[in-house]
Amino acid sequence: LRSQNLINLLSVKDKCYDGLVREFYANSSANKDKSVVRSVVRNIHVEVSTEVLFAEFGLVDSGYSVDYKMISAKNMDKLAVPGYDDREFVRQILQHDDSIRRAMGKKPKFYAPDMKVLPRLLHLIICHNIVPKGGSISSVSALERMLLWHLLNKKPLNIGKLMIATIFNKIRKIRSRDNKKTHLPFGIFLTSIFRRFNVPIYADHIDKGFHSHNIGVSYFKKMAVKSE
């Protein structure tokens, strides 16, 4: 985590304001190259760019970049990562031979509980903080395996660009689903960005604010997790 400059991001403790987050996503649009997301929240213009994320959370603008098309990739064909061998990595992080056979079958089934302890905990961080997803996190996608490989092997990963790609991909899904209910990622991180742009943040009867479930550095310290 330290090698990816994720300590500041994962140490964020704040409230998530559901109304502000909904307003941000409802009014969001991206520039032509999908590198900047702009929105209006409580009549204040807000911009989420890699530069803002780097400045706010101490991230570094370097490493492997993931674009929005890769976020929903179902296989590794679309994730051409130098030095990464998906099948070999699967063998390294799964606990039992039966799990390996399931993951490499004609209809691969890859589940988080089948992984060793450290990859399983890092997968929790990925699913809650880096590429958040709603619902069950028991399955492990092609993208999540690739991110796990970067974290476990301390390979440089551009977290800021990954977050931008995740936000843009969520905007696309919201538009395609005609604004049906969907999980909106990065709630507590957006609170920091709202403050940066002086968006009025106050609790009222509509939007009291709540503490978001953030799995980060303190979670690992409580678990006393050590490298395997």
Side-chain angles (χ1 to χ4, degrees), residues 1-21 24-25 36-37 39 41 46-66 71 112 115-134 137 140 143-144 146-167 170 183-203 207-228:
L1 300 178
R2 196 176 302 278
S3 67
Q4 301 289 353
N5 291 283
L6 278 169
I7 300 300
N8 288 345
L9 185 74
L10 299 180
S11 298
V12 171
K13 293 181 180 180
D14 212 330
K15 286 187 175 182
C16 173
Y17 293 88
D18 191 47
L20 297 184
V21 173
F24 169 81
Y25 279 97
V36 179
V37 174
S39 186
V41 181
V46 174
E47 181 176 290
V48 182
S49 63
T50 50
E51 289 77 13
V52 169
L53 293 174
F54 300 149
E56 193 67 30
F57 303 114
L59 301 173
V60 177
D61 188 10
S62 62
Y64 181 78
S65 296
V66 176
I71 298 295
M115 292 192 291
K116 296 175 183 177
V117 174
L118 186 56
R120 191 160 71 244
L121 290 173
L122 289 174
H123 181 252
L124 279 174
I125 284 187
I126 289 171
C127 292
H128 281 275
N129 299 347
I130 301 176
V131 187
K133 61 182 181 181
I137 62 170
V140 184
L143 174 69
E144 290 159 6
M146 184 271 288
L147 298 178
L148 269 174
W149 178 79
H150 277 86
L151 293 178
L152 287 168
N153 292 283
K154 300 181 180 180
K155 299 289 185 180
L157 183 65
N158 197 314
I159 301 295
K161 289 184 179 179
L162 177 59
M163 292 174 72
I164 291 288
T166 302
I167 291 173
K170 179 57 65 173
H183 172 257
L184 301 177
F186 303 128
I188 60 172
F189 303 144
L190 285 173
T191 299
S192 298
I193 292 171
F194 295 154
R195 289 198 179 96
R196 184 181 185 86
F197 285 90
N198 298 314
V199 172
I201 296 178
Y202 50 83
D207 192 6
K208 295 180 180 179
F210 60 91
H211 286 285
S212 179
H213 180 48
N214 186 29
I215 294 179
V217 177
S218 60
Y219 184 88
F220 275 74
K221 288 180 178 178
K222 288 178 182 178
M223 295 286 289
V225 175
K226 296 181 180 180
S227 178
E228 295 181 330

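In what follows, residues are counted from 1 in the order of the sequence shown.
- The shortest side-chain heavy-atom distance between Val21 and Tyr17 does not fall under the 4.5 Å cut-off.
- With sequence neighbours left out, the side chain to side chain contact (heavy atoms under 4.5 Å, CB included) criterion links Thr50 to Phe54, Lys161, Ile164.
- For Tyr25, the ring pair (Phe, Tyr, Trp, His ring centres under 6.0 Å) criterion is met by no residue, not counting sequence neighbours.
- By the 4.5 Å heavy-atom criterion applied to side chains, Leu20 and Thr191 are not counted as neighbours.
- Checked by atom type and distance alone, the side chain of Lys170 pairs as donor or acceptor with a backbone atom of His183 at under 3.5 Å.
- Listed by chain and number, the residues in a side chain to side chain contact (heavy atoms under 4.5 Å, CB included) with Glu47 are Val36, Arg38, Ser49, Phe197 (sequence neighbours excluded).
- Contact check for Arg195 versus Ile201: side-chain heavy atoms found under the 4.5 Å cut-off.
- Closest non-hydrogen pair, Ile188 versus Asp14, comes out as CG2-O, 3.7 Å.
- The side-chain heavy atoms of Val66 and Val131, taken from C-beta on, include no pair separated by under 4.5 Å.
- Distance check, rounded to the nearest 0.5 Å: CG of Leu10 to NE2 of His128 gives 12.0 Å.
- When side chains are defined from C-beta on, Leu59 counts as touching Met163, because their heavy atoms get closer than 4.5 Å.
- At least one side-chain heavy atom of Val41 sits under 4.5 Å from a side-chain heavy atom of Ser39.
- Contact between Leu190 and Pro185 at its shortest, heavy atoms only, is CD1-O, 4.0 Å.
- Between the NZ atom in Lys155 and the OH atom in Tyr64 there is a gap of 13.5 Å [rounded to 0.5 Å].
- Here the shortest heavy-atom pairing between Gly160 and Leu53 reads O-CD1, 3.5 Å.
- Rounding to the nearest 0.5 angstrom, the gap separating the CZ atom in Phe186 from the CD1 atom in Ile193 is 9.5 Å.
- Shown here for Leu122 and Leu152, the closest heavy-atom pair between the two residues is CD1-CD2, 3.4 Å.
- Annotation: the span from Leu124 atom CG to Arg120 atom CZ amounts to 8.5 Å, rounded to 0.5 Å.
- With contacts defined as side-chain heavy-atom distances shorter than 4.5 Å, the pair Leu184/Phe24 does not qualify.
- The nearest pair of heavy atoms linking Cys16 to Gly187 is SG-CA, 3.6 Å.
- Note: Glu144 CD to Leu151 CG = 11.5 Å, rounded to the nearest 0.5 Å.
- The neighbour count for Lys133 NZ, taken as heavy atoms of other residues, nucleotides or ligands under 6.0 Å away, is above 12.
- The CD1 atom of Ile125 lies 7.0 Å from the CD1 atom of Ile130; values are rounded to the nearest 0.5 Å.
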